[in-house]
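These values consider heavy atoms only, across backbone and side chains, with no hydrogens, waters or symmetry-generated copies.
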Amino acid sequence: MRHLTYSFGGHDEQLLAFGPEDAAQRILIVPPLFDEMNRMRRTLVEAMRMLEAAGVTSGLLDLPGCNESRLKLEDQNIERWKKAVAAAALAIDATHIFSVRGGALVDDQPKLPTMRLAPVKGASLLKMLMRTRVAGDKEAGLTTSAESLADAAKAGPVELAGNMVGPQLWADLNIAVANASSDAKEIKPNDVGGSPLWLRAEPQYDAAMASGLAQMLAEWSNSA
C-alpha cells in the first residue's frame with residue numbers, strides 16, 4: 001500500500017495505491033459520491049489488495065472536497081471533479097479507469113478504457129440525499145420539503161445527509177449523466193457477485209463483491 005498524492009488546483013489530494021509503479025496495468029478507481037463512498041470504501045480497498053496479488057496496480061483517489069481533502073465540498077462542481085480525475089490518472093500513469101455509481105459522472109477520460117459499476121444519474125443521487133434530509137428533519141420535528149431545499153440551494157450551500165452541497169454542484173447534479181459517447185463498459189452488481197452496498201444504511205464489507213470485482217477488473221484490464 002502506498003499513500004500518494006496528486007496535484008490539483010494548487011493543492012495535494014490523497015491517492016491510495018496498491019501495486020508496483022511499473023505494472024503493465026494501472027487502474028484508477030473513481031469512487032461513488034457522498035455517503036455512498038463511505039459504504040463502498042473498504043470493499044474497494046480489499047479489491048485493490050487482490051488486484052495487487054494479480055499483478056495489477058490500482059489507485060483510489062479522494063476527489064476535492066471529499067474524504068481527506070482540505071477543500072470544502074460546497075466549493076466543488078462536476079467540471080472540477082472531472083479535471084481532478086484527469087490529474088489523478090496522470091499521477092499514476094493510469095491505463096484504465098473504473099468508476100462506481102456517481103463516480104461515472106466524472107470519469108470522462110476518452111483515451112482510457114473505462115468500466116462503470118451501476119452508473120447513476122446525478123439527479124437520482126440528489127433526490128436520495130434530499131429524502132434523507134427531509135426524513136431526518138421530520139424525526140427532529142421540523143418540516144422540510146424537496147421544493148424548499150431546492151429554493152435554498154439557489155442562494156447558498158445546503159446540508160444534505162452531512163454533505164454541504166453548493167449552488168453550482170446542486171445545479172450540475174440536476175443534469176449530470178455519465179458520458180454516453182464513450183465506449184465505457186457497464187456492469188451490474190450481479191455481474192460480480194455480492195450486493196449493492198450503496199443501499200445499506202451503514203458502511204459494510206462484502207467479501208464476495210471485493211473478490212468478484214478484483215477478478216473482473218484483472219481480466220478486463222489485461223484484455224482491453
Side-chain angles (χ1 to χ4, degrees), residues 1-8 12-33 36-63 66-68 81-82 84-119 178-179 182-198 203-224:
M1 182 171 64
R2 293 177 286 140
H3 291 278
L4 309 178
T5 61
Y6 70 96
S7 297
F8 178 73
D12 287 338
E13 301 290 356
Q14 297 299 308
L15 179 59
L16 181 66
F18 286 84
E21 296 180 14
D22 60 352
Q25 285 76 39
R26 298 175 298 279
I27 304 173
L28 177 67
I29 299 176
V30 186
L33 304 180
E36 291 188 359
M37 171 180 59
N38 299 327
R39 296 170 189 161
M40 283 291 298
R41 188 171 182 84
R42 183 185 172 190
T43 297
L44 289 175
V45 169
E46 293 304 322
M48 293 168 70
R49 295 183 192 275
M50 298 176 195
L51 281 170
E52 180 181 25
V56 178
T57 287
S58 59
L60 177 64
L61 82 157
D62 283 355
L63 290 167
C66 301
N67 203 32
E68 299 297 326
W81 279 346
K82 287 184 178 182
V85 170
L90 183 63
I92 64 168
D93 194 18
T95 59
H96 297 74
I97 300 285
F98 172 63
S99 61
V100 183
R101 296 281 289 167
L105 302 174
V106 297
D107 69 358
D108 186 14
Q109 300 300 309
K111 295 182 180 180
L112 298 178
T114 301
M115 179 182 285
R116 295 167 175 159
L117 173 60
N179 183 2
S182 71
D183 294 326
K185 178 179 180 180
E186 294 188 7
I187 60 174
K188 300 177 181 179
N190 288 343
D191 295 327
V192 296
S195 59
L197 295 176
W198 48 87
Q204 294 185 14
Y205 170 56
D206 190 322
M209 175 169 278
S211 177
L213 276 176
Q215 180 178 350
M216 178 169 284
L217 289 173
E219 293 175 353
W220 167 67
S221 63
N222 277 287
S223 62

Between Ala17 and Met48, what is the shortest heavy-atom contact and its length? CA-CE, 4.4 Å
Donor-acceptor pair, distance only, cut-off 3.5 Å: does the side chain of Asp62 make one with the backbone of Glu13? no
Any donor-acceptor pair under 3.5 Å linking the side-chain atoms of Thr43 with those of Asp206? no
Could you tell me whether a side-chain N or O of Asn222 sits under 3.5 Å from a main-chain N or O of Ala218, the two making a donor and an acceptor? yes
Non-neighbouring partners of Ser7 that pass side chain to side chain contact (heavy atoms under 4.5 Å, CB included), sequence neighbours left out: Asp12
Under the side chain to side chain contact (heavy atoms under 4.5 Å, CB included) test, which residues partner Met37, sequence neighbours left out? Pro31, Cys66, Asn67
Considering residues at least two apart in sequence or located in another chain, which fulfil the side chain to side chain donor-acceptor pair (under 3.5 Å) criterion with Ser99? Asp107
ring-ring contact (aromatic ring centres under 6.0 Å, His included): pairs with one or both residues in residues 88-119, sequence neighbours excluded: His96-Trp220
Sequence neighbours excluded, the answer for side chain to side chain donor-acceptor pair (under 3.5 Å) partners of Gln215 is Glu219
Quick check: closest heavy atoms across Gly103 and Val30, and the distance to 0.1 Å? O-CG1, 3.6 Å
So Ser211 and Met50, side-chain contact (heavy atoms from CB on, under 4.5 Å) or not? Walk me through it. CA-CA 7 Å; Ser211 177; Met50 298 176 195; 4.1 Å; yes
Mind checking side chain to side chain contact (heavy atoms under 4.5 Å, CB included) for Ala94 and listing every partner two or more places apart, or none if nothing turns up? Leu28, Ala89, Ile92, Leu112
Salt bridge (Lys or Arg N to Asp or Glu O under 4.0 Å) partners of Asp108, counting only residues at least two apart: none
Closest non-hydrogen atom pair, Ala88 against Leu61: CB-CD1, 3.8 Å
Under the side chain to side chain donor-acceptor pair (under 3.5 Å) test, residues paired with Asn38 that sit two or more places apart: none
Determine yes or no for a side-chain-to-main-chain donor-acceptor pair under 3.5 angstrom, with Thr57 supplying the side chain and Pro20 the backbone. yes
With side-chain contact (heavy atoms from CB on, under 4.5 Å) as the test, would you mind laying out the steps for Leu105 and Arg116 before giving the verdict? CA-CA 10 Å; Leu105 302 174; Arg116 295 167 175 159; over 6 Å; no
Excluding sequence neighbours, so at least two apart, what forms salt bridge (Lys or Arg N to Asp or Glu O under 4.0 Å) with Glu21? Arg2
Within residues 49-60 or reaching into it, pairs that qualify as salt bridge (charged side-chain N to carboxylate O under 4.0 Å, His left out) - sequence neighbours excluded: Glu46-Arg49
pair Leu217-Met115: side-chain heavy atoms closer than 4.5 Å: yes
Where the side chain of Thr95 meets the backbone of Gln25, is there a donor-acceptor pair that is under 3.5 Å apart? no
Tell me which pairs pass salt bridge (charged side-chain N to carboxylate O under 4.0 Å, His left out) where either residue lies in residues 89-104, with sequence neighbours left out. Arg26-Asp93, Glu36-Arg101
Which residues pass the side chain to side chain donor-acceptor pair (under 3.5 Å) test with Arg41, sequence neighbours left out? none
